[in-house]
Engineer: 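The structure under discussion is supplied below as structure tokens; questions concerning it will follow.
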2 protein chains.
Amino acid sequence: MSDTDPIRTSPVSMENCGAALAMTVVPDRWTWLILRELFYGVARFADIQDDIGIPKSVLSGRLATMVDTGLIQKEAYRDGTARTRHGYVLTQKGRDLVPVIVALMQWGDKHLKDGTATLDLTDRRTGTPVKAGLVLEGGILPARRLAFAPAAHGDN
Amino acid sequence: MSDTDPIRTSPVSMENCGAALAMTVVPDRWTWLILRELFYGVARFADIQDDIGIPKSVLSGRLATMVDTGLIQKEAYRDGTARTRHGYVLTQKGRDLVPVIVALMQWGDKHLKDGTATLDLTDRRTGTPVKAGLVLEGGILPARRLAFAPAAHGDN
DNA sequence: CAGTATCCGGTGCGATACTG
DNA sequence: CAGTATCGCACCGGATACTG
């Protein structure tokens, strides 16, 4: 039993909260799963469909809005044949979500599985293992040490 | 125009992917917004409702399943009055999602606003600014340097 | 292969009203 | 204050069929 009054209202309004805004751009499960596919480098419509089991019509719609919101873009490429095909790739804006995806993945590995990862994430340069987390120089900051205060300039 | 064949299938199946599993536990916008409130320390039913504008019945349902999935728990506390009230707090499992929330928030601040944060996140011990990201010792690893390979032990 | 079109059934959202 | 109950309607998911 705690004996202090809890906070009664969020320090940041919905319109000014990056997290809340982010939810409008990545609002549902399918969108996350598609991002995960593109993160893995799976680019083609039918391949994404097969991997995550999404109906074509839904995939079609999601891809369109993700292009609209600037998360992804269409890109042409050549496969073995003469025919030009095209797939989807993350934009920079989409790539900036990679830390979120990785954090989510590692959270799921820890709490929703036996704790073992199925994927080893490393620095492609040095091979050093990589983790997602809160960063200070020199290491990961535990969540409990995180403090927050309204920014000096912004209006909340 | 890229000229290499893209990856045709995800290196990790849906059942073994922590990210995909995580989406089953935090499947929608409301759940994320509730997590955000609890992250801020807003604990009471009506306060959460007011902040994020969720219908009571929906909030009721979400809180129940979040308790079920172990993200949050009910906690009694004393307010000014004699009456015992109760609110919701993150469990350890829920708190482990903080890096995801922070990463999301900073992504939203960067891409969905003018680029300025409304909240300054710092180490509560030292006051040093905090960021979410991919971590190697000594700093943040850019997403482009991230490599992945199936884990040695796991079945994918 | 990469979609669009159509349709139907269920979920679940959100409003309102009610209860301890 | 903290929910539960009820309910109509919209939207979404998924199946199927069709097109370039």
Side-chain angles (χ1 to χ4, degrees), chain A residues 1-2 5-9 14 20 23-34 37-38 41-69 72-89, chain B residues 1-2 4-9 14 20 23-34 37-38 42-69 72-89:
Chain A
M1 161 107 62
S2 151
D5 257 28
I7 292 168
R8 299 302 303 274
T9 189
M14 293 280 281
M23 294 291 85
T24 67
V25 176
V26 194
D28 61 24
R29 193 178 110 83
W30 287 131
T31 305
W32 281 114
L33 291 177
I34 293 167
E37 288 295 303
L38 298 194
V42 179
R44 293 163 64 153
F45 191 94
D47 293 338
I48 297 173
Q49 197 197 340
D50 290 347
D51 271 353
I52 68 180
I54 187 176
K56 307 178 77 160
S57 53
V58 178
L59 178 56
S60 179
R62 286 295 187 286
L63 288 172
T65 74
M66 290 169 79
V67 169
D68 284 349
T69 55
I72 66 178
Q73 64 189 35
K74 263 183 145 156
E75 200 198 35
Y77 66 88
R78 310 208 147 280
D79 62 357
T81 80
R83 195 149 153 47
T84 293
R85 302 211 167 276
H86 63 89
Y88 296 87
V89 292
Chain B
M1 161 107 59
S2 149
T4 62
D5 258 28
I7 292 168
R8 299 303 303 273
T9 189
M14 293 279 281
M23 295 291 85
T24 67
V25 176
V26 194
D28 61 23
R29 182 169 168 280
W30 287 132
T31 304
W32 281 113
L33 291 177
I34 294 168
E37 289 294 304
L38 298 194
V42 179
R44 293 163 63 154
F45 191 94
D47 293 338
I48 297 173
Q49 196 197 338
D50 291 347
D51 272 352
I52 68 179
I54 186 176
K56 306 178 77 162
S57 53
V58 178
L59 178 55
S60 179
R62 287 294 187 287
L63 288 172
T65 74
M66 289 169 79
V67 169
D68 283 350
T69 54
I72 67 178
Q73 64 190 32
K74 263 182 146 158
E75 200 197 35
Y77 66 88
R78 308 208 148 281
D79 62 359
T81 78
R83 196 148 153 47
T84 294
R85 303 213 167 276
H86 62 89
Y88 297 87
V89 292

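The structure displayed is predicted, hence computed values, not measured ones. By convention in this document, chain letters (A, B, ...) are assigned in the order of the sequence lines, proteins followed by strands, and residues within each chain are numbered from 1.
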Engineer: Please state whether the phosphate of dC18(D), meaning OP1 or OP2, lies under 4.0 angstrom from any side-chain nitrogen or oxygen of K56(A).
Structural biologist: no
Engineer: Output yes when D50(A) and R8(B) qualify as a salt bridge under the 4.0 Å nitrogen-oxygen rule, no when they do not.
Structural biologist: no
Engineer: What closest approach, in Å, do D47(A) and I7(B) show between heavy atoms, and which atom pair accounts for it?
Structural biologist: OD2-O, 4.2 Å
Engineer: List the steps and the verdict of side-chain contact (heavy atoms from CB on, under 4.5 Å) for I54(B) and L33(B).
Structural biologist: CA-CA 9 Å; I54(B) 186 176; L33(B) 291 177; over 6 Å; no
Engineer: For a quick test of reading the model: is some side-chain N or O of R85(B) closer than 4.0 Å to OP1 or OP2 of dG3(D)?
Structural biologist: no
Engineer: Tell me whether the side-chain N/O atoms of R62(A) come closer than 4.0 Å to OP1 or OP2 in dG13(D).
Structural biologist: yes
Engineer: Among the candidates dC1(C), dC1(D), dG14(C), find the nucleotide nearest to the side-chain atoms of R8(B).
Structural biologist: dC1(C)
Engineer: dG3(D), dA2(C), dG14(D): which one has an atom nearest the side-chain heavy atoms of H86(A)?
Structural biologist: dA2(C)
Engineer: For the pair made of CG in L33(A) and P in dG14(D), what is the distance, rounded to whole Å?
Structural biologist: 12 Å
Engineer: Check the distance between dA15(C)'s P and L59(B)'s CG and give it to me in whole angstrom.
Structural biologist: 14 Å
Engineer: From the options dC13(C), dG14(D), dA2(C), select the nucleotide whose nearest atom is closest to the side chain of V58(B).
Structural biologist: dC13(C)
Engineer: Please give, in whole Å, the distance from dA2(C) P to D50(A) CG?
Structural biologist: 10 Å
Engineer: Apply side-chain contact (heavy atoms from CB on, under 4.5 Å) to W30(B) and L59(B), showing your working.
Structural biologist: CA-CA 8 Å; W30(B) 287 132; L59(B) 178 55; over 6 Å; no
Engineer: Can you check the D28(A) CG to dG13(D) C1' distance for me, whole Å?
Structural biologist: 11 Å
Engineer: Could you tell me how far apart F45(A) (CZ) and dG3(C) (C1') are, to the nearest whole angstrom?
Structural biologist: 6 Å
Engineer: With both distances kept under 3.5 Å, what pairs with dG14(C), Watson-Crick or G-U wobble?
Structural biologist: dC7(D)
Engineer: Quick one: I48(B) CD1 to dG3(D) P, roughly how many Å, whole number?
Structural biologist: 9 Å
Engineer: With a 3.5 Å limit on both atom pairs, tell me what dG20(C) is paired to, counting Watson-Crick and G-U wobble, or say none.
Structural biologist: dC1(D)
Engineer: Which whole-number value in Å describes the distance from L63(A) CG to dA2(C) P?
Structural biologist: 11 Å
Engineer: Which nucleotide in the list dA2(C), dC1(D), dA5(C) gets nearest to the side chain of A46(A)?
Structural biologist: dA2(C)
Engineer: From CD1 of I72(A) over to C1' of dA2(C), roughly how many Å is that when rounded to an integer?
Structural biologist: 14 Å
Engineer: Under the side-chain contact (heavy atoms from CB on, under 4.5 Å) criterion, do K74(B) and L63(B) qualify, and how do the steps go?
Structural biologist: CA-CA 9 Å; K74(B) 263 182 146 158; L63(B) 288 172; over 6 Å; no
Engineer: What's the closest nucleotide to the side chain of K74(B) if the choices are dG3(D), dA15(D), dG3(C)?
Structural biologist: dG3(D)
